[in-house]
Amino acid sequence: MGDFTNIESVLRQAAPLYAESVRDSAISEGLFKTGKLAQSYSATITFRGNKAVIAVSGEDYGVYQDTGVNGLKKSYTKPAQSLYPPGQFKSKVIGGPLPFAVRKSIAENGLRPRPFIQSGIDRVTNNFLIPKAEEAGVEDISDLIIPPSTFIKEK
């Protein structure tokens, strides 16, 4: 990332914090029956030129839990904190290992949105990344600039 080593260090520290924070948000929302969803979250950081990309990933059904899914009989509106609008079931029964009655009920009534992803991301961005990156940026700039008081006069 160039000469911004302090900022790069902060970004590398932030990546796992994002995964941890989304995991904590899932647990806070009560989405931890088996723990598989919460344990699935991880984060990676890659650098593309002067840009840093932090990607948080987890089980696909976490997005459905976050944004909800409209059933055949019941619909939900998009909560402000959800990433996407609710999805839509298209058949009377969904697949999966759940008992038939549960799968039928979910297809008819959908899944209530339980936003947790964005709140986890916002928590790290606002409480860690922004303040730490600002401090690191000041340090990086200080390392790059020679103050005028240290200039040597030419003869």
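- Hydrophobic clustering keeps Phe89 apart from Val93 (ILVMFWY residues linked when any side-chain heavy atoms are closer than 4.5 Å, directly or through intermediates).
- No more than 12 heavy atoms of other residues, nucleotides or ligands shown are found within 6.0 angstrom of OH on Tyr64.
- Lys132 has its side chain out of reach of Gln13: every pair of non-hydrogen atoms, C-beta onward, lies at least 4.5 Å apart.
- At distances below 3.5 Å, not a single donor-acceptor pair connects side-chain atoms of Thr125 with backbone N or O atoms of Asp122.
- In this structure, CD on Glu135 lies 12.5 Å from CD1 on Ile130, to the nearest 0.5 angstrom.
- Note: Leu31 CG to Arg114 CZ = 4.5 Å, rounded to the nearest 0.5 Å.
- Between the side chain of Ser105 and the main chain of Ala101, no donor-acceptor pair closer than 3.5 Å is present.
- Counting all heavy atoms, side chain and backbone alike, Ala52 lies closest to Ile45 at CB-CD1, 4.3 Å.
- Checked by atom type and distance alone, the side chain of Arg103 pairs as donor or acceptor with a backbone atom of Ile94 at under 3.5 Å.
- A continuous path of Ile, Leu, Val, Met, Phe, Trp and Tyr side chains, each step under 4.5 Å between heavy atoms, connects Ile54 with Phe116, placing both in one hydrophobic cluster.
- The two residues Gln81 and Gln118 make their nearest non-hydrogen contact at O-CB, 3.2 Å.
- No more than 12 heavy atoms of other residues, nucleotides or ligands shown are found within 6.0 angstrom of CG on Asp60.
- The shortest distance between side-chain heavy atoms of Pro86 and Val69 does not fall below 4.5 Å.
- Heavy atoms only, all atoms of each residue included: Asp140 and Ile7 are closest at OD2-N, 3.0 Å.
- Asn109 contributes no side-chain N or O that, together with a main-chain N or O of Lys74, makes up a donor-acceptor pair within less than 3.5 Å.
- The nearest pair of heavy atoms linking Ala133 to Val10 is N-CG1, 3.9 Å.
- Judged purely by atom type and a 3.5 angstrom limit, Ser21 has no side-chain atom pairing as donor or acceptor with the backbone of Tyr18.
- Contact record, Leu98 with Val102: CD1-CG1, 3.8 Å, taken as the closest heavy-atom pair.
- Tracing side-chain contacts under 4.5 Å through hydrophobic residues (I, L, V, M, F, W, Y), one never reaches Ile106 starting from Leu72; they form parts of separate clusters.
- Within 6.0 Å of NZ in Lys92 there are 12 or fewer heavy atoms belonging to other residues, nucleotides or ligands.
- By the 4.5 Å heavy-atom criterion applied to side chains, Arg123 and Ser25 are counted as neighbours.
- No side-chain heavy atom of Val56 sits under 4.5 Å from any side-chain heavy atom of Ile117.
- The side-chain heavy atoms of Leu11 and Phe4, taken from C-beta on, include no pair separated by under 4.5 Å.
- Under the 4.5 Å side-chain heavy-atom criterion for grouping Ile, Leu, Val, Met, Phe, Trp and Tyr, Leu83 is connected to Leu111 within one hydrophobic cluster.
- Without hydrogens or angle criteria, Ser28 side chain to Asp24 main chain gives a donor-acceptor distance under 3.5 Å.
- With Ser82 contributing its side chain and Tyr84 its backbone, the two residues share no donor-acceptor pair below 3.5 Å.
- Listed here is the closest heavy atom pair of Phe47 and Glu8: CZ-CG, 3.5 Å.
- Val63 and Tyr76 are members of different hydrophobic clusters when ILVMFWY side chains are connected at heavy-atom separations under 4.5 Å.
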